[in-house]
Engineer: 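One structure coming up, written as structure tokens, with questions to follow.
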Amino acid sequence: MWAGMLHLVFGNMFIGLLEGYLLTRFFGLLKRKTIGIIILANYFSAWLGGFFLRGAIVQAFPLDINNAWFFFWVMVGLTYLMTLVFEFPFVALTFRHDPEWLKNSIKGSLVVQTISYLLLFGWYWLASGTSLYTQMKIVKLSAMSLPEKVLIYFIGADDGNVYKMNLPGLKKRKIFDLKSTNTNDRLFVRLSEENNNRWDLIARLATGNRRNPELVAIEKGFAAETAIGWRTTFTDPAQEEDTWFNFGKAARLGAARGSQWEFWAGFWPIEGLHGTQTNTGKHVYFSFETPFGAWFIRNVTLLPGDKVLFQMGQDQICIFDPYAKKVALVARGRGPVAVMEDAAQNDVTKDVPCKFTEP
């Protein structure tokens with residue numbers, strides 16, 4: 001974010017100075033007019049092409065963790081081509097009195113844009129978070145070792161209804177017609193008023209007032225053992241945040257309460273997911289924040305077997321293995337809650353109206 005703002009506000013002037021100087025040095029053009037025109041060209045191309053059109057192109061791509069790295073490099077190439085196209089008329093203007101203006105304009109544009117683009121690429125690379133792809137392994141869910149007897153509840157990305165999925169069987173079924181439409185909506189658990197040995201599943205729906213959300217009871221007494229968010233333990237009465245503010249320390253489920261791993265999610269996408277193994281000092285971290293796409297991490301739960309369940313971006317529910325450094329997409333949805341399966345719960349494998357298809 002800061003690298004982009006510096007580029008858009010100040011960086012274009014320095015890039016224009018460099019490109020204009022190179023044109024005058026290589027082609028003998030008038031320095032003052034050339035540099036002024038090329039500075040204007042850089043502001044035009046950065047704000048129109050980089051800020052507006054690039055955003056529209058990125059939104060058109062069906063991005064998820066399985067393909068975002070491919071589209072990242074596609075956008076690197078497209079952005080370079082857009083720079084050549086948007087700035088070419090300005091470069092041609094500097095050659096307007098040259099008999100060979102077309103040939104020299106093409107040559108000059110290729111030379112100066114390539115040099116400046118390589119410098120810009122390095123600038124953004126240093127400021128970006130790419131460790132999700134450079135240091136982790138993105139795998140299919142079938143390549144992950146999943147914990148036993150864990151149920152995941154979440155809001156489906158397509159229809160906004162509540163679904164339940166079991167691990168490791170990955171059978172999924174709809175349990176409630178919620179029709180959620182806000183990406184900040186999420187699920188959470190609350191101690192049951194009818195049975196203080198069990199928990200109720202509640203949907204937190206965003207309203208105009210962040211401190212006064214709409215709460216919808218999804219299933220009463222649905223679990224005996226669940227993971228409690230750290231904010232719940234520090235507020236009285238317990239207050240559950242929406243997805244955007246549900247970062248920080250990971251909740252712990254079942255045997256994970258005795259784990260040596262501690263995980264936490266940062267607020268900004270570049271802060272990503274951090275984990276530390278307290279008995280060894282081992283540290284793992286990954287994030288994804290680039291000029292062509294960025295995903296925050298929220299709703300984090302440490303599962304038995306030291307697997308981490310979390311939401312990445314607006315609609316990707318993922319699992320992370322800190323030992324193998326593997327990340328897999330579980331489902332397209334938001335606001336996940338994990339609980340331990342018990343005898344009082346309905347068998348998730350029965351009456352399954354929608355089959356799980358591995359993302």
Side-chain angles (χ1 to χ4, degrees), residues 1-11 46 50-52 54-55 57-59 61 63-69 71-72 75-76 79 120-136 138 157 182-186 188 204 206 210-211 213 229-232 234-235 239-251 261-276 283-302 308-320 322 325 327 329 332-336:
M1 182 175 64
W2 61 265
M5 291 307 300
L6 286 175
H7 171 211
L8 291 173
V9 178
F10 302 108
F51 190 72
F52 295 106
R54 184 184 65 199
I57 294 172
V58 170
Q59 291 178 7
F61 289 151
L63 295 181
D64 62 37
I65 66 169
N66 292 314
N67 61 27
W69 195 231
F71 283 120
F72 168 81
M75 282 303 302
V76 169
T79 306
L120 264 181
F121 179 83
W123 167 258
Y124 278 109
W125 183 266
L126 290 174
S128 294
T130 58
S131 51
L132 174 64
Y133 292 100
T134 59
Q135 298 181 28
M136 302 296 127
I138 308 301
N182 194 303
T183 56
N184 273 329
D185 294 345
R186 60 178 284 254
F188 71 93
R204 185 196 189 284
R210 177 172 151 250
R211 292 302 179 189
W230 68 273
R231 279 184 174 81
T232 302
F234 285 98
T235 56
Q239 294 185 8
E240 295 292 339
E241 294 283 3
D242 58 16
T243 285
W244 179 244
F245 285 99
N246 194 32
F247 58 98
K249 288 178 62 175
W261 281 97
E262 294 181 351
F263 285 91
W264 65 98
F267 180 76
W268 299 108
I270 190 67
E271 295 178 284
L273 182 70
H274 290 261
T276 299
H283 183 78
V284 292
Y285 157 77
F286 64 83
S287 67
F288 183 68
E289 182 177 10
T290 76
F292 311 124
W295 294 322
F296 56 77
I297 292 180
R298 298 292 189 269
N299 304 321
V300 185
T301 301
L302 180 57
V308 187
L309 179 75
F310 62 95
Q311 178 181 335
M312 177 171 279
Q314 295 183 346
D315 64 356
Q316 297 181 85
I317 298 174
C318 303
I319 281 185
F320 171 55
K325 293 188 176 180
V327 182
L329 182 63
R332 299 305 293 261
R334 57 186 179 270

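Positions are given from 1, in the same order as the sequence printed here.
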Engineer: My understanding is that only residues two or more places apart in sequence, or in another chain, count here; which of them pass side-chain hydrogen bond (donor to acceptor under 3.5 Å, both in side chains) with R334?
Structural biologist: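 By the side-chain hydrogen bond (donor to acceptor under 3.5 Å, both in side chains) rule, R334 matches S180.
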Engineer: Please confirm whether the backbone N or O of G266 pairs with a side-chain atom of E271, one donor and one acceptor, at under 3.5 Å?
Structural biologist: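 No, because the side chain of E271 does not come within donor-acceptor range (under 3.5 Å) of the backbone of G266.
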Engineer: Apply side-chain contact (heavy atoms from CB on, under 4.5 Å) to E262 and list each qualifying residue two or more places apart in sequence or on a separate chain.
Structural biologist: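 Testing E262 for side-chain contact (heavy atoms from CB on, under 4.5 Å), a comparison that skips the adjacent residues, returns R252, T278.
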Engineer: Is it the case that the side chain of R332 and the backbone of A157 share a donor-acceptor pair, with hydrogens and angles ignored and the cut-off at 3.5 Å?
Structural biologist: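 Such a contact is absent between R332 side chain and A157 backbone.
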Engineer: If you define the side chain from C-beta out and look only at heavy atoms, does anything of Y124 sit under 4.5 Å from T290?
Structural biologist: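 SC-SC contact between Y124 and T290 ruled out.
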Engineer: Quick one: ring pair (Phe, Tyr, Trp, His ring centres under 6.0 Å) partners of F267, sequence neighbours excluded?
Structural biologist: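 Ring pair (Phe, Tyr, Trp, His ring centres under 6.0 Å) list for F267, sorted by chain: W244, F247.
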Engineer: Is it true that E241 and R210 make a salt bridge, defined as a side-chain N closer than 4.0 Å to a carboxylate O?
Structural biologist: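 Counted as a salt bridge, because a side-chain N and a carboxylate O are separated by less than 4.0 Å.
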Engineer: Just jot down the side-chain contact (heavy atoms from CB on, under 4.5 Å) partners of T183, sequence neighbours excluded, or say none.
Structural biologist: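 Testing T183 for side-chain contact (heavy atoms from CB on, under 4.5 Å), a comparison that skips the adjacent residues, returns Q314.
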Engineer: Identify, with sequence neighbours excluded, every residue that meets side-chain hydrogen bond (donor to acceptor under 3.5 Å, both in side chains) alongside T243.
Structural biologist: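 If we apply the side-chain hydrogen bond (donor to acceptor under 3.5 Å, both in side chains) test to T243, skipping adjacent residues, the hits are N299.
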Engineer: Under the criterion ring pair (Phe, Tyr, Trp, His ring centres under 6.0 Å), I'd like the reasoning laid out for F310 against F263: C-alpha separation, chi angles, the key distance, then a yes or no.
Structural biologist: CA-CA 11 Å; F310 62 95; F263 285 91; 9.4 Å; no
Engineer: With sequence neighbours excluded, tell me which residues meet ring pair (Phe, Tyr, Trp, His ring centres under 6.0 Å) with Y133.
Structural biologist: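 W69, F288.
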Engineer: Short question: side chain of Q316, backbone of G313 - any donor-acceptor pair under 3.5 Å?
Structural biologist: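 Checking the backbone N and O of G313 against the side chain of Q316, no donor-acceptor pair under 3.5 Å is found.
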